[in-house]
Amino acid sequence: MSTEIKPATGRGDRFNSSRKAELLNKIEGIPDDINFAIFIEENEGIISVSEDKTIRVWLKRDSGTYWPSIVNFMPSQCSSVEYVPETRTLFVGQENGTISQFLLSEDCNRLSPIKEYLAHNGRITQLIFAKNSGWILSCARDKTFAAHCIETSNKIGGYTFEAWCTSMQFDSLSKHVFVGDYAGQITMLKLQQSGASLVTILKGHTASVRSLHWSDGPQLLFSGSADNSVIVWDLGGRRGTTYELQGHQNKVSALGYVKNTQELISAGEDSVVVLWKINCMRKAAPDWVESDTCQLCAKPFFWNIKAMFEQKALGVNRQHHCRNCGKAVCDKCSPNRINIPIMGFEYDVRVCNTCHTTLKDTDRPSLATFLDVKHSVVAIDVDEEKKRILTVGQDRIIKIWDLSNLW
């Protein structure tokens with residue numbers, strides 16, 4: 001089977017690229033929703049966990065198709081997974097809050113139980129194994145974060161939040177944990193043998209954080225949200241700068257990063273995978289200015305009753321904002337739409353007449369590549385060495401894509 005991914009339609013000619021990717025394979029037949037899937041790079045295999053309470057290990061056969069070598073049933077729905085290839089250790093988070101640790105055999109035909117951690121009282125949403133420390137980190141819908149030592153099985157630290165924990169990342173060098181929640185916040189914790197302590201809270205999203213990814217090279221944190229946006233947080237540079245990437249038309253559900261090409265991969269419920277160029281000069285969008293009148297024509301907005309009466313202004317004059325300069329403008333002063341890739345706006349957004357006149361004659365090359373993967377994505381995994389990714393869809397299908405022509 002070999003199918004091309006074509007750039008998503010309805011996004012303008014700038015996304016029509018000769019760079020293409022191929023659909024290498026599909027894994028179908030799982031009877032319930034798949035929550036996560038990850039590559040077993042050393043065995044040409046894939047591990048999936050799903051709502052039917054199963055862990056499945058899929059191996060690629062001589063025919064080129066994937067068949068299950070292991071189907072392991074668990075006490076409750078399997079909601080998250082973490083695999084450590086160096087030791088062939090598998091951690092599986094469950095709906096009931098338990099983390100189960102297994103050893104995967106060399107031939108991928110047997111899962112041997114090792115131990116269990118009673119970590120939470122609700123669905124575990126993310127697992128991360130801290131290799132240098134020997135900790136298994138978890139967050140869950142019971143609004144808690146927990147860290148356990150795999151050698152002693154003891155809990156070394158935890159933290160309680162005000163909303164569901166939805167995603168998590170860990171910086172092994174500084175031992176900082178980033179936890180995204182349902183309220184749209186990202187909490188930064190410092191993890192030590194004595195426990196976890198609050199460092200700061202990052203606020204920028206207007207809806208729940210669906211995915212996080214930490215890149216230890218450039219020291220950047222990426223967050224994808226149900227508000228359709230990705231935010232890049234420059235934490236390692238100590239500049240405290242952030243900028244948004246606007247390319248999805250629906251919730252951003254999964255993130256990945258390619259170190260060699262310095263590209264961020266985002267995937268969402270709009271059935272689109274976007275490859276963002278990160279190693280280029282970008283410009284943060286301006287803060288929006290609040291005003292009682294249009295900053296171009298001085299016409300009062302509808303809540304400025306006194307000015308409307310004095311000017312005998314008729315009709316409802318709504319306030320909008322120019323995405324390029326941030327000024328508060330009315331409908332008549334901002335009828336145009338244009339893309340601004342350097343600010344992360346890959347699709348057309350509202351701009352004022354002044355900015356439109358300037359931007360329309362400016363070269364605005366796209367800084368992203370759009371791929372239509374033909375299903376609403378809930379999770380991805382990246383195999384950078386073999387230049388491929390997998391996407392897990394709401395259609396209960398796992399797709400494996402070859403991106404060698406893109407990288």
Side-chain angles (χ1 to χ4, degrees), residues 1-6 19-74 78 80-92 100 102-113 127 129 254 256-261 265 267 271 273 275 371-407:
M1 180 184 357
S2 180
T3 304
E4 289 182 355
I5 310 178
K6 296 181 179 178
R19 304 194 315 162
K20 297 176 182 179
E22 288 187 32
L23 175 61
L24 297 175
N25 228 310
K26 286 183 181 181
I27 296 177
E28 302 177 276
I30 299 176
D32 212 333
D33 293 344
I34 309 167
N35 291 316
F36 279 96
I38 52 177
F39 286 113
I40 313 174
E41 298 177 11
E42 63 273 22
N43 289 93
E44 198 62 50
I46 290 171
I47 302 171
S48 66
V49 295
S50 55
E51 288 293 301
D52 64 355
K53 304 181 182 181
T54 63
I55 308 167
R56 285 179 166 86
V57 178
W58 307 81
L59 290 182
K60 189 176 182 180
R61 306 301 182 182
D62 293 337
S63 62
T65 58
Y66 285 83
W67 288 89
S69 62
I70 298 174
V71 179
N72 192 89
F73 285 87
M74 302 295 288
C78 301
S80 55
V81 65
E82 173 80 336
Y83 177 62
V84 187
E86 293 84 358
T87 59
R88 302 188 70 82
T89 303
L90 182 69
F91 298 92
V92 176
S100 298
F102 297 91
L103 181 65
L104 178 64
S105 64
E106 293 287 341
D107 59 4
C108 291
N109 285 317
R110 186 175 66 259
L111 272 180
S112 303
L127 291 174
F129 178 63
Y257 189 75
V258 186
K259 293 182 179 179
N260 286 340
T261 60
I265 301 176
S271 303
V273 169
L275 278 64
L371 307 173
D372 186 358
V373 294
K374 307 296 184 184
H375 65 171
S376 180
V377 179
V378 298
I380 64 172
D381 192 33
V382 181
D383 182 355
E384 188 171 346
E385 182 179 348
K386 296 181 180 178
K387 300 180 180 180
R388 59 181 183 166
I389 66 170
L390 67 76
T391 57
V392 178
Q394 290 184 352
D395 55 3
R396 302 175 181 175
I397 296 175
I398 301 170
K399 296 182 180 182
I400 300 97
W401 306 96
D402 176 24
L403 273 66
S404 58
N405 290 333
L406 292 164
W407 293 343

I'd like to check [X] versus [Y] (side-chain heavy atoms, cut-off strictly below 4.5 Å). Are they in contact?
| X | Y | answer |
| --- | --- | --- |
| Ser48 | Ile27 | no |
| Phe129 | Leu127 | no |
| His375 | Val377 | yes |

Which value, rounded to the nearest 0.5 Å, describes the distance between [X] atom [atom1] and [Y] atom [atom2]?
| X | Y | atom1 | atom2 | result |
| --- | --- | --- | --- | --- |
| Glu82 | Phe36 | CD | CZ | 10.0 Å |
| Leu390 | Ile380 | CG | CD1 | 8.5 Å |
| Ile265 | Leu406 | CD1 | CG | 9.5 Å |
| Glu22 | Asn405 | CD | CG | 7.0 Å |
| Ile47 | Ile38 | CD1 | CD1 | 4.5 Å |
| Ile389 | Leu275 | CD1 | CG | 7.0 Å |

> If you count the non-hydrogen atoms of other residues, nucleotides and ligands that lie under 6.0 Å from CZ in Arg110, is the total more than 12?
Replying inline: no
> Is the number of heavy atoms from other residues, nucleotides or ligands within 6.0 Å of CD (Glu385) greater than 12?
Replying inline: no
Minimal non-hydrogen separation, [X] against [Y], with atom names:
| X | Y | answer |
| --- | --- | --- |
| Ile30 | Ser50 | CG2-OG, 3.9 Å |
| Leu111 | Phe102 | CD2-CB, 3.8 Å |
| Ala37 | Ile46 | CB-CG2, 4.2 Å |
| Ile55 | Val92 | CD1-CG2, 3.5 Å |
| Tyr257 | Glu384 | O-OE1, 4.3 Å |
| Cys108 | Ile40 | SG-CD1, 4.3 Å |

> Do NZ/NE/NH1/NH2 and the carboxylate oxygens of Glu51 and Arg396 come within less than 4.0 Å?
Replying inline: no
> Can Asp33 and Val378 be said to form a side chain to side chain contact (heavy atoms under 4.5 Å, CB included), step by step?
Replying inline: CA-CA 10 Å; Asp33 293 344; Val378 298; over 6 Å; no
Taking the side chain from [X] and the backbone from [Y], do they hold a donor-acceptor pair closer than 3.5 Å?
| X | Y | answer |
| --- | --- | --- |
| Lys386 | Glu41 | yes |
| Asn25 | Gly64 | yes |
| Asn43 | Gly45 | no |
| Asp395 | Ser376 | no |

>> I'd like to check the ring pair (Phe, Tyr, Trp, His ring centres under 6.0 Å) partners of Tyr83; sequence neighbours left out, ordered by chain and number.
In response: none
> Quick one: ring pair (Phe, Tyr, Trp, His ring centres under 6.0 Å) partners of Tyr66, sequence neighbours excluded?
Replying inline: none
>> Glu42: which residues meet the salt bridge (Lys or Arg N to Asp or Glu O under 4.0 Å) condition with it, sequence neighbours left out?
In response: Arg88
>> Is it the case that the side chains of Thr54 and Arg56 hold a donor-acceptor pair, with the cut-off being a distance below 3.5 Å and no angle test?
In response: yes
